[in-house]
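The structure under discussion appears below in the form of structure tokens.
Letters A, B, ... are given to chains in the order of the sequence lines, protein chains preceding strands, and every chain is numbered from 1.
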Amino acid sequence: MHGTIETTCFDLDLTLASGQVFRCRKEGGSWTVCSRDRLIRLRQDGPRLEFSGAGEAFVRRFLGLDDDTADALERLERIPRLRPAIRACRGLRIVRHDPWECLVSFICSTRSNIPKIARSLDLLARRFGRPISGGGGVCAFPEPGSLDDLDLLRSTGVGYRAEYLFETNRLCTEERLAAIGRLPYEQAREALKEFPGVGDKVADCVCLFAFGFREAFPVDVWVRRAMLALYPRSGTRESEIRRAALRLFGPDAGYAGQYLFHHRRLCEGKTLGEGKALGRGAALSA
DNA sequence: CGCCAGGCTGTGC
DNA sequence: GCACAGCATGGC
């Protein structure tokens, strides 16, 4: 390990195993995470976070370590119906992922599950990406424009999402994505939905996990269940649930949603790699 | 065999 | 605007 960061209100396991980033795995107490062409190793011991593979500034930004998480969680914990999720997952942070990898990841995520998403992204990197030097066989995530072979896309197990990836790859450039990230939240959300395979939920995932719009509230089946249980009168349609969340949680909606998501899954015994099996089901197999 | 998974698209009303 | 079917794939 090359550097150390003293953290507060941070839990590496919760952050990396909560379905924000998929090309990561835990082995022998330390995590290996891939973001685009960087391979980062991380180990947490109490408040001490050891890292290598990237500079401190990158690690801080990627893991959201400079966000005022404590303030947001304090506000959310005052909402009684949210308190169990906040207490159970304290230290979970919203990451700041690479927009292109995040976009592709969540196009793959539709009507799928986390272990399968991880496998597909690992295969995508192997089929289309270049090996990371000194990465032990781990490949960089393919650049925008390089996902240009439909048959090869289909071979990664993404099924009907192969056409979405193919078309989005054709339309998307690094510059276009960056420009979308500079728009106001609602406009960025609409602009993302111009890419095939991107609807309300995927757009909100990119807004939250890559662009840092903390009011974004992705509504998937787990968040829907959690909200229906906690706020049964706020409506059942996705649009109603999202409106309710923005009204109830305001600028902290993103954190609220991610805590609800992960807590709900913890309560049902479903986490990335099913707990002990991190490595068998997880991504980044070399 | 069935049902489910961090939903989206096209169609019909 | 709304609801609803179809969609590929793999795990259980």
Side-chain angles (χ1 to χ4, degrees), chain A residues 14-24 85 89 92 94-95 97 101-124 127 150-169 171 189-210 213 216-228 235-243 245 253-278 280-283 285:
Chain A
L14 286 171
T15 300
L16 292 182
S18 61
Q20 305 181 67
V21 178
F22 301 97
R23 294 197 303 137
C24 56
C89 302
L92 194 171
I94 303 292
V95 304
H97 203 6
E101 182 165 352
C102 188
L103 175 64
V104 171
S105 299
F106 283 97
I107 288 176
C108 293
S109 79
T110 65
R111 200 66 187 176
S112 186
N113 56 74
I114 290 178
K116 186 168 184 291
I117 299 161
R119 267 197 309 280
S120 287
L121 292 174
D122 186 39
L123 284 172
L124 267 180
R127 300 273 195 273
L150 202 46
D151 289 328
L152 212 50
L153 282 170
R154 292 202 179 97
S155 77
T156 64
V158 291
Y160 62 88
R161 307 166 194 86
E163 280 82 3
Y164 298 154
L165 293 177
F166 184 82
E167 280 305 305
T168 293
N169 172 75
L171 294 170
R189 194 167 179 275
E190 293 310 305
L192 286 168
K193 285 161 67 175
E194 291 174 13
F195 296 116
V198 181
D200 292 318
K201 191 271 175 182
V202 171
D204 268 334
C205 284
V206 176
C207 281
L208 181 61
F209 302 138
F213 292 112
F217 189 83
V219 180
D220 75 320
V221 292
W222 299 97
V223 172
R224 170 192 300 272
R225 284 175 198 150
M227 287 293 285
L228 289 178
T236 60
R237 290 198 303 276
E238 179 180 327
S239 59
E240 296 174 321
I241 292 173
R242 178 170 170 267
R243 269 199 303 276
Y255 263 92
Q258 190 58 18
Y259 274 66
L260 287 175
F261 171 77
H262 197 57
H263 184 235
R264 184 85 193 184
R265 288 172 53 84
L266 286 177
C267 290
E268 311 231 351
K270 291 172 162 300
T271 58
L272 176 62
E274 306 300 319
K276 64 165 189 165
L278 278 168
R280 181 181 62 186
S285 35

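Remark: H262(A) pairs with no residue by the ring-ring contact (aromatic ring centres under 6.0 Å, His included) rule, at least two apart or across chains. Among residues two or more places apart in sequence or in another chain, the side-chain hydrogen bond (donor to acceptor under 3.5 Å, both in side chains) test is passed with T110(A) by R161(A). Residues meeting the side-chain hydrogen bond (donor to acceptor under 3.5 Å, both in side chains) test with R243(A), sequence neighbours left out: none. Listed by chain and residue number, nothing satisfies the ring-ring contact (aromatic ring centres under 6.0 Å, His included) test with Y164(A) (two or more places apart in sequence, or in another chain). Evaluation of the ring-ring contact (aromatic ring centres under 6.0 Å, His included) rule for F209(A) yields F106(A) as partners, not counting sequence neighbours.
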query = Which letter, B, S or -, goes with each nucleotide of nucleotides 5-11 of chain B from 5' to 3', with contact meaning a protein heavy atom under 4.0 Å?
reply = BBBSS--
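Nucleotides dT11(B) and dA8(C) place their P atoms 15 Å apart, quoted to the nearest Å. Using atom P as the reference point in both dG6(B) and dA3(C), the two lie 24 Å apart (nearest Å).
Put simply, CG on L121(A) is 16 Å from P on dT9(C), counting in whole angstrom units.
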